[in-house]
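We use all heavy atoms of the structure for the numbers below, so side chains are in, but hydrogens, waters and symmetry mates are not. On a predicted model such as this, the values are computed, not experimentally measured, just so you know. Throughout, residue positions are numbered sequentially from 1 according to the sequence presented.
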Amino acid sequence: MQNVQATLAAVAAAVALATSPLVASAGENDGKLALTISVDGAIGPATARYVKDALTKASERHAEVVVLRMNTPGGLSTSMREIITDVLASRVPVVGYVAPSGAHAASAGTYILYATHIAAMAPGTNLGAATPVQIGGPLPGLPDTTPDKNDKDKKDGSDQKPKTKDSMTAKATNDAVALIRSLAELRGRNADWAEKAVREAASLSANAALQDKVIDLIARDQAELLRQIDGRAVEIAGGDTRHLATSNAAREAIDPGWISRFLRVITDPNIAFILTLVGIYGLIFELSSPGAVAPGVIGTICLLLGLYALNMLPINYAGLGLILLGITLLVIEAFNPTVVLGLGGIIAFVLGAVMLFEIEEPGFRLSWPVIGIAAAIFIGLILVVLGSLRRARKGPVRLGAQAMRGLSAEILDWSESEGHVFTQGERWQARGTEAFKPGEVVEVANIVDLTLVVRRRPVLTAREGGT
């Protein structure tokens with residue numbers, strides 16, 4: 001009995017020793033969770049969807065903090081504003097972190113970093129250059145000739161400088177300045193430098209940003225970041241203050257869902273452009289060859305996906321109209337060759353492709369090779385169609401009345417100047433100026449109202465005359 005008790009005591013001690021590290025570890029973490037969102041590349045609709053879903057998941061899991069790691073050249077202002085709205089409304093503190101070393105948070109990334117509750121950077125990173133890209137401005141070289149409010153010319157001989165600043169650019173810049181200054185005031189960061197980053201495209205390194213109070217801290221990696229922000233008090237949505245406990249928080253990365261990955265693919269301007277073209281081609285092939293089914297189905301799916309992607313991107317509808325006009329002219333050229341329509345269609349298509357997207361942000365530009373390949377495909381199809389039409393016109397006629405002329409026919413019965421003949425596997429009513437006998441082979445001279453006009457074959461007549 002004593003041996004049994006000793007054995008049970010030893011087993012209990014072993015179990016206690018084995019589970020003590022797990023208990024200690026759980027006690028150290030206290031269930032704290034730090035989730036990581038990684039934003040790499042251009043910021044677009046897919047990125048905004050990814051951040052929204054990740055912040056929702058962080059709120060559902062009661063995460064202690066969300067680390068928004070960024071390495072981005074910028075992106076769409078609409079997507080940037082969606083992300084800022086979600087960050088400001090988040091019930092979970094969001095830490096903006098520009099990392100790894102060598103990364104940057106330019107343009108839209110600077111605004112998002114200013115919106116986060118805590119801003120941090122890794123050594124060797126930079127931020128800034130937040131000037132909004134001009135959209136829909138005047139043509140280069142055309143000054144703004146808007147008169148002054150008094151509509152009078154200066155006559156005092158002073159220097160007169162043409163007013164060249166576009167009003168739309170001024171509006172976009174002022175709006176961007178107001179946004180980033182409001183974010184700076186909300187988070188207690190350097191608002192003057194933020195305005196400078198917008199108006200003058202200023203940039204800062206990590207150390208300079210820390211000195212100018214643009215960011216809150218510098219951390220080499222995420223573990224050091226969580227240790228440095230431990231104990232900080234941040235104000236979250238609703239005005240509540242939360243003290244962070246992140247020194248021993250468990251870290252977990254949130255990967256984008258399949259919807260976000262799918263949106264990232266189709267919202268690439270080049271992919272959206274190609275999908276639209278494939279859709280149009282498919283419908284053209286289906287209409288020209290009814291019953292093929294596959295081109296119509298594939299074309300419809302691609303066209304809908306392309307139009308959906310274009311709807312999410314800032315496009316120039318004049319450019320889209322030129323593309324559709326160019327395709328229409330090329331289709332007409334294929335069925336009614338005039339050369340002029342084909343050249344006009346190619347010019348309209350290329351100009352429309354160049355004008356299609358209104359933005360010049362990295363990652364949202366239509367590639368020239370894609371435009372060139374699409375134009376080359378159009379030209380190739382036109383050349384193939386024109387070559388086929390040329391061969392068809394030069395070749396022998398195979399259908400209609402002209403195709404019947406010169407064919408051989410066998411007399412089935414004949415009475416005076418009319419009767420019936422057999423040719424091409426069919427029985428025809430025939431007439432002629434000569435008398436024929438059943439079984440005699442004649443030649444079709446013409447066809448009038450489904451009646452064949454026949455005559456003796458010239459070759460047979462020459463032989464008979466020579467005998």
Value rounded to 0.5 Å, distance of CE in M355 from CG in N316
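Taking CE in M355 and CG in N316, the distance rounds to 5.0 Å.
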Nearest 0.5 Å, please: how far is CG in L183 from CZ in R189?
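One finds 9.0 Å between CZ of R189 and CG of L183.
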Side-chain heavy atoms of [X] within contact of [Y], under 4.5 Å:
| X | Y | value |
| --- | --- | --- |
| M80 | L179 | yes |
| I43 | I112 | yes |
| L275 | Y308 | no |
| D268 | F273 | no |
| L277 | F349 | yes |
| I118 | L225 | no |
| L407 | E443 | no |
| S260 | D53 | yes |

Applying salt bridge (charged side-chain N to carboxylate O under 4.0 Å, His left out), can you list everything that pairs with [X], at least two apart in sequence or on another chain?
| X | answer |
| --- | --- |
| E252 | R61 |
| D221 | none |
| R251 | none |

How close do [X] and [Y] get, heavy atom to heavy atom, and via which atoms?
| X | Y | value |
| --- | --- | --- |
| V87 | L55 | N-CD1, 4.1 Å |
| A129 | S203 | N-OG, 3.5 Å |
| G296 | L283 | O-CD2, 4.1 Å |
| A99 | R69 | O-NH1, 2.9 Å |
| T423 | A409 | CB-CB, 3.9 Å |
| R427 | D413 | NH2-OD2, 3.4 Å |

Heavy-atom donor-acceptor pair, [X] side chain to [Y] backbone, under 3.5 Å:
| X | Y | value |
| --- | --- | --- |
| Y50 | S38 | yes |
| S59 | T56 | no |
| T131 | V198 | yes |
| T116 | L113 | yes |
| S90 | D86 | no |
| T36 | V67 | no |
| W193 | E195 | no |
| S417 | T433 | no |
| R91 | I236 | no |
| N126 | L204 | no |

Can you find a side-chain donor-acceptor pair between R49 and S79 that sits under 3.5 Å?
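Looking only at side-chain atoms, S79 and R49 do not form any donor-acceptor pair under 3.5 Å.
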Quick one: list whatever passes side-chain hydrogen bond (donor to acceptor under 3.5 Å, both in side chains) with E434, sequence neighbours left out.
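With sequence neighbours excluded, E434 shows a side-chain hydrogen bond (donor to acceptor under 3.5 Å, both in side chains) to R456, given in chain and number order.
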Applying ring pair (Phe, Tyr, Trp, His ring centres under 6.0 Å) to W428 and not counting sequence neighbours gives none
Could you tell me which residues satisfy side chain to side chain contact (heavy atoms under 4.5 Å, CB included) with L186, sequence neighbours excluded, listed by chain and number?
L88
